[in-house]
Protein chains: 2
Amino acid sequence: MIENNTDNSLLLFKLLVPEMLPVFQKRYTILRTIKYNQPIGRRLLAERLALGERGVRSEIDFLKDHNLLESNAAGVSLTEEGKKLLPQLSLLIHKVEGLAPLENYLAQKLDLTKVVIVPGDADQNCEILHELGQASGAFLRDVVQDQWVIAVTGGTTMAEVAHNIPQTVGKKDVLVVPGRGGLGEDVEIQSNTIAAEIAQRLGASYRLLHVPDGIQNETLEPLLSDHKVQEVINLSKKANLLVHGIGIPEVMALRRDSDWQSIQRYSRKEPVGEAFGTYFAADGSVALVTPTVGPKVEDIAKLDMVVAVAGGKSKADAIMSVLRASFVDVLIVDQGAAEVIKKQIEE
Amino acid sequence: MIENNTDNSLLLFKLLVPEMLPVFQKRYTILRTIKYNQPIGRRLLAERLALGERGVRSEIDFLKDHNLLESNAAGVSLTEEGKKLLPQLSLLIHKVEGLAPLENYLAQKLDLTKVVIVPGDADQNCEILHELGQASGAFLRDVVQDQWVIAVTGGTTMAEVAHNIPQTVGKKDVLVVPGRGGLGEDVEIQSNTIAAEIAQRLGASYRLLHVPDGIQNETLEPLLSDHKVQEVINLSKKANLLVHGIGIPEVMALRRDSDWQSIQRYSRKEPVGEAFGTYFAADGSVALVTPTVGPKVEDIAKLDMVVAVAGGKSKADAIMSVLRASFVDVLIVDQGAAEVIKKQIEE
DNA sequence: TCCTCACGGGTCATTTTATATCCCGCTATT
DNA sequence: AATAGCGGGATATAAAATGACCCGTGAGGA
């Protein structure tokens with residue numbers, strides 16, 4: 001009833017003064033961008049936000065007049081007041097954008113237990129990945145129980161998740177393990193590195209998996225027979241919780257110096273999405289499995305809780321292909337991806 | 001907590017997009033003015049709202065685009081949607097303007113049991129009197145109990161109250177009596193007429209008091225000895241509820257063709273407010289009692305519930321003078337008067 | 001019945017506001 | 001000491017809000 005009243009106020013404002021919405025979003029975006037880049041100059045900010053320099057300047061002046069920003073020779077920064085305001089604004093944006101209904105809609109249509117949508121679009125504002133990380137981190141912190149085993153994968157998104165998990169006092173006997181080897185890429189986004197960081201932030205312990213990706217099966221087998229490797233792999237196959245990112249095959253191939261042509265050639269179908277080293281076709285079927293250690297689709301389907309994290313309009317197709325494989329339980333996305341997915345569902 | 005959330009949303013909007021507030025108010029005022037004057041033309045509307053013709057036009061176009069208005073050859077009118085929206089907007093304006101806190105503040109500072117504030121200023125928009133009437137009417141309807149006797153006075157404000165009391169099924173045995181004779185002025189705003197209309201709308205019965213105001217005491221006495229007159233006067237002296245307007249002495253003198261000079265001469269102090277034929281000085285003391293029938297200040301002070309209704313910035317002083325006499329329990333005013341009163345209290 | 005007045009809609013010059021793009025002196029970092 | 005990037009100032013330009021008309025038309029009063 002009273003809650004209804006809140007929504008009602010919003011509806012009335014949106015109905016009677018709709019021109020304020022873009023302004024509200026603009027100012028929120030500016031504050032958020034400053035939060036993640038402070039101190040930052042006016043020009044850089046304008047470039048990053050794809051706005052005119054003078055426009056940004058007017059807004060900065062406005063926000064400064066309201067004591068949300070302060071500026072010195074290094075650039076503008078958030079004041080204490082501004083810092084306090086941002087989380088509240090985030091909630092309000094969530095309401096204004098109607099993200100709660102969208103979350104419910106997607107959860108129902110996609111048969112997921114939970115959908116979390118973060119306002120914004122990672123394609124347009126790269127700091128949305130931070131927000132995505134924070135949301136995922138908060139979710140992890142809330143959901144993890146004592147003595148759980150958490151498996152995580154690599155990737156830039158997962159790296160952000162790791163960086164943004166709030167430092168918490170440790171749950172008891174929680175163990176974080178990498179979901180695959182993944183020594184083929186930048187150490188910053190390897191699953192090992194990410195597992196370690198998540199463990200550290202959760203106050204949990206961790207095991208590592210020192211097996212390179214993409215090597216031939218013959219070379220792999222002796223490694224697999226190692227009992228320490230075996231143990232970690234078995235742990236990840238029976239994890240209570242798996243958190244993974246979702247990749248766009250073409251982009252991943254580029255990053256890993258793999259040959260996109262050959263991936264396509266060896267695929268049974270056109271791969272449009274990737275998760276834990278498996279490429280999925282648009283219909284959710286497996287297009288290609290890269291030779292790597294770690295759990296396969298059939299293992300993952302048995303897990304209690306699989307959390308997928310991804311952001312950006314461009315990842316919508318990849319996300320859909322993975323979701324159609326029906327092993328994901330919780331989806332944490334940004335608004336950009338969520339809205340594209342909604343459109344696809346409606347068609 | 002959730003309520004808090006509502007206020008919080010409003011606060012955040014007001015903080016981050018303050019420029020929308022005047023627009024919101026403007027559009028609300030336009031809708032409200034149309035409601036009371038439909039169908040009305042663009043120019044007339046502009047004149048009444050003291051806005052430019054073109055500005056009003058843009059807003060009308062906007063509201064028409066949103067299906068809140070429709071226009072024909074006679075002028076613009078509210079659509080069904082617009083009619084439904086207005087009460088909700090009224091509530092929202094009440095929140096936006098922070099009138100609830102203001103009501104509490106005034107109630108506490110002025111030692112009143114209840115204060116009701118209607119958005120707007122009757123001096124600027126005469127239709128605010130209608131709103132004031134509606135608010136008073138709603139209050140009356142809610143508060144009146146079976147077998148109550150209600151005494152009412154005359155005046156333009158009270159006439160509006162009468163016109164706007166929602167037609168309700170009758171309470172049992174409610175009786176409405178005029179608080180004074182008042183045959184000296186326009187029949188439309190005589191207390192007799194008003195008593196009759198209020199009674200009709202409440203489904204109550206009424207008695208009338210056919211005694212002219214302002215006549216000499218010698219002429220008055222034989223009338224007072226009439227037992228029907230006596231009965232009505234006694235009823236009003238023991239009423240459960242008295243509703244009265246508040247007048248500005250100078251204005252009233254003008255309307256009644258009385259001599260303002262002589263009123264001043266016979267007054268003990270400078271009269272700044274009037275209620276039921278009694279003129280009050282700024283400190284709340286009685287400045288002059290016009291020769292009339294009906295309850296005096298000392299009678300009224302004994303009543304359980306005295307409701308004062310008044311609107312317009314210009315009436316603030318008059319209201320204060322009456323309130324200082326300390327017999328009013330409930331004050332129903334408009335925002336214009338309320339804000340001036342608040343300022344006076346703070347000084 | 002006609003007549004007239006106010007209606008909505010169209011137009012356009014004017015003013016006000018927003019925007020884009022420089023320049024400058026400063027300061028913190030290299 | 002050099003320099004890159006900062007905030008602040010200035011100005012030409014584009015855009016939008018405004019004010020002031022006219023016009024054909026339909027409703028309501030005579």
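To find a chain, count down the sequence lines: A is the first, B the second, and so on, and within it residues start at 1. Remember, predicted model here, so these are calculated numbers, not experimental data.
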Kindly write out the residues that satisfy salt bridge (charged side-chain N to carboxylate O under 4.0 Å, His left out) with R57(A), not counting sequence neighbours, or none if the list is empty.
none
Any chance you could lay out the side chain to side chain donor-acceptor pair (under 3.5 Å) test for N8(B) and Q88(A), step after step, and finish with the verdict?
CA-CA 9 Å; N8(B) 207 21; Q88(A) 301 179 52; 3.2 Å; yes
Quick one: list whatever passes ring-ring contact (aromatic ring centres under 6.0 Å, His included) with H94(B), sequence neighbours left out.
none
Salt bridge check: are D123(A) and K313(A) linked by an N-O gap of less than 4.0 Å?
no
If I take atom CD1 in residue I60(B) and atom C1' in nucleotide dA6(C), what distance separates them, rounded to the nearest angstrom?
14 Å
Is K64(B) salt-bridged to E70(B), going by a charged N under 4.0 Å from an acidic O?
no
Provide, to the nearest angstrom, the distance between the CG atom belonging to D61(B) and the C1' atom belonging to dG9(C).
9 Å
4.5 Å side-chain heavy-atom contact, F24(B) and I93(B)
yes
Is R201(B) paired with E197(B) through a side-chain N to carboxylate O contact shorter than 4.0 Å?
yes
Any donor-acceptor pair under 3.5 Å linking the side chain of Q38(B) with the backbone of L78(B)?
yes
Would you call E346(B) and K342(B) a salt bridge, using N to O less than 4.0 angstrom?
yes
Regarding E53(B) and R48(B), does a basic nitrogen lie under 4.0 Å from an acidic carboxylate oxygen?
no
Taking any atom closer than 4.0 angstrom to a non-hydrogen atom of chain A, what span of DNA chain D does the protein reach, first nucleotide to last?
dC6(D) to dA10(D)
Rounded to the nearest angstrom, tell me the gap between atom CD in Q38(B) and atom C1' in dC7(C).
15 Å
Residues touching DNA chain C, which here means a heavy atom under 4.0 Å, drawn from residues 75-82 of chain B
G75(B), V76(B)
Would you call I30(B) and L63(B) a side-chain contact if the rule is heavy atoms closer than 4.5 Å?
yes
At under 4.0 Å between heavy atoms, which parts of nucleotides 16-30 of chain C does protein reach? Answer with one letter per nucleotide, 5' to 3': B base, S sugar-phosphate only, - none.
----BBBB---S---
Rounded interatomic separation in angstrom, taking CD1 from I40(B) and P from dG8(C):
9 Å
Report the end-to-end axis angle of the helix from dT1(C)-dA30(D) to dT30(C)-dA1(D); each axis comes from five terminal pairs, and the value is rounded to 10°.
30°
Would you say the side chains of E131(B) and N125(B) form a donor-acceptor pair under 3.5 Å?
no
Under-4.0 Å salt bridge between E80(A) and K83(A):
yes
